[in-house]
Amino acid sequence: MSRFEKDRMFTLLLVYLLTLVFPLGHASLPLVINTWPFKNATFTAWSVLQSGGSVLNAVEKGCACCETEQCDGTVGYGGSPDETGETTLDAMIMNGDTMEVGAVADLRRIKNAIGVARAVMEHTEHTLLVGESASVFAENMGFIAEDLTTNKSLNIFSQWLKGNCQPNYRKCVSPDPSEYCGPYRPHVPLLRTTLERQTNIHSHDTIGMIVIDQNGHMAAGTSTNGLTHKVPGRVGDSPIIGAGAYVDSSAGGAAATGDGDVMMRFLPSYLAVELMRAGADPTAACVSAISRIKRHHSEFFGAIICANTTGHYVFLRGIC
């Protein structure tokens, strides 16, 4: 049996098993779903739709709710400090009717990252702004500059330093990153070994949201403060179109969360939407998108939500 046939059999079996555990959500419009049980964010987005607001407004307000509430400590200010103790934000919003996208990454000083992402979409010809320049853009657009550090994030950072900067995301550097803090310099070991990265599954949660209104208009968005103890400047999958989220009102929408450094290499959200475009139901589309990652990263842990144009949806989590 060829590898393709084995992969196909594995995927079909997984679809069957997961359909028993995670049955499809009923087709019903309008629809608001997100990647984790952030109930207030979902309720906020739903309230926007119920009051006649657009799907873009619903996604923006829903994700902004999580930014304000610091959902799970991994969305919004005051969480996931990097190696310097700074919290930076990533966000993205996408219009499923026009395919317009706005995104920001490594955003500093601005709490409302999803709002800045929408400003990028509506007030520039660009798609993605990053770093200090994105922060300056936000300030020029009227967003308030504020300190994103809190006592909690400072404590996380100080405890990390006391523990010799463990865990971290360095490799092939000197001094030995498994025992010491930096500054680091390149180092090529005589015997190359592959180290399993032990990542806390709760250190990189993201809110990813899909909204469909009564008329089938769709939008999606993401917001996160990234990975705790990340290398400064690191950008995960959340603001990357097709990785963190993707939506097309003629096919469906998907949003993913998990180890963003791995996920962005496979564009799982884009793949899931294209599979639904080709006729796959949301469960099969979600499973296939994650299965492709697991062929190369067997220990991968992640979650993905998929919804088609009729309102059928599925949420798959921890399917490794």
Side-chain angles (χ1 to χ4, degrees), residues 22 24-25 30-39 41-42 44-46 55-56 58-67 71-72 74-75 90-96 99 101-105 113-114 117-118 121 204-212 217-226 236-249 251-260 262-264 266-277 280 282-283 285-290 292-293 300-309 311-319:
F22 300 100
L24 275 175
L31 172 70
V32 176
I33 56 174
N34 75 66
T35 44
W36 298 107
F38 301 142
K39 295 181 180 179
T42 304
T44 298
W46 180 260
V55 289
L56 283 173
V59 166
E60 180 183 358
K61 297 301 182 184
C63 290
C65 175
C66 251
E67 293 173 345
C71 287
D72 216 18
T74 57
V75 181
D90 301 338
M92 183 261 285
I93 191 167
M94 184 170 187
N95 185 331
M99 308 307 288
V101 180
V104 289
I114 189 71
R118 186 168 181 182
M121 180 177 70
H204 48 240
D205 293 349
T206 302
I207 181 168
M209 179 174 284
I210 302 168
V211 174
I212 314 174
H217 302 296
M218 302 180 72
T222 65
S223 184
T224 184
N225 52 34
D237 66 308
S238 297
I240 306 302
I241 299 88
Y246 194 80
V247 65
D248 184 336
S249 297
T257 181
D259 189 338
V262 171
M263 299 185 83
M264 71 170 74
F266 298 90
L267 299 180
S269 295
Y270 174 78
L271 175 58
V273 171
E274 290 307 301
L275 289 170
M276 287 187 285
R277 188 192 307 279
T283 299
C286 275
V287 170
S288 293
I290 295 296
R292 182 166 296 186
I293 299 173
F300 172 79
F301 183 95
I304 186 168
I305 52 175
C306 298
N308 63 19
T309 56
H312 283 101
Y313 64 92
V314 68
F315 171 32
L316 301 183
R317 178 176 64 186
I319 61 174

Chi angles and distances behind the side-chain contact (heavy atoms from CB on, under 4.5 Å) call for I305, I210: CA-CA 8 Å; I305 52 175; I210 302 168; 3.9 Å; yes
Verdict with reasoning, W36 to T257, per side-chain contact (heavy atoms from CB on, under 4.5 Å): CA-CA 9 Å; W36 298 107; T257 181; 3.3 Å; yes
Working for side-chain contact (heavy atoms from CB on, under 4.5 Å), residues F300 and D259: CA-CA 7 Å; F300 172 79; D259 189 338; 4.2 Å; yes
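Between P268 and A289 the shortest heavy-atom distance is O-CB, 3.5 Å. Residues M276 and G253 approach most closely at CE-O, 3.5 Å, considering heavy atoms.
No more than 12 heavy atoms of other residues, nucleotides or ligands shown are found within 6.0 angstrom of CZ on R292. The environment of OH in Y270 is sparse: at most 12 heavy-atom neighbours from other residues, nucleotides or ligands sit within 6.0 Å.
Not a single donor-acceptor pair under 3.5 Å links the side chain of T206 to the backbone N or O of S223. Side-chain atoms of S249 come within 3.5 Å of backbone atoms of M218 as a donor-acceptor pair (strictly under, hydrogens ignored). Although no hydrogens or angles enter the test, the distance criterion places a donor-acceptor pair under 3.5 Å between the side chain of T224 and the main chain of T74.
For the atom pair CG (L31) and CG (N308), the distance works out to 9.5 Å, reported to the nearest 0.5 Å. Expressed to the nearest 0.5 Å, how far OH of Y246 lies from CD of E274 amounts to 6.0 Å.
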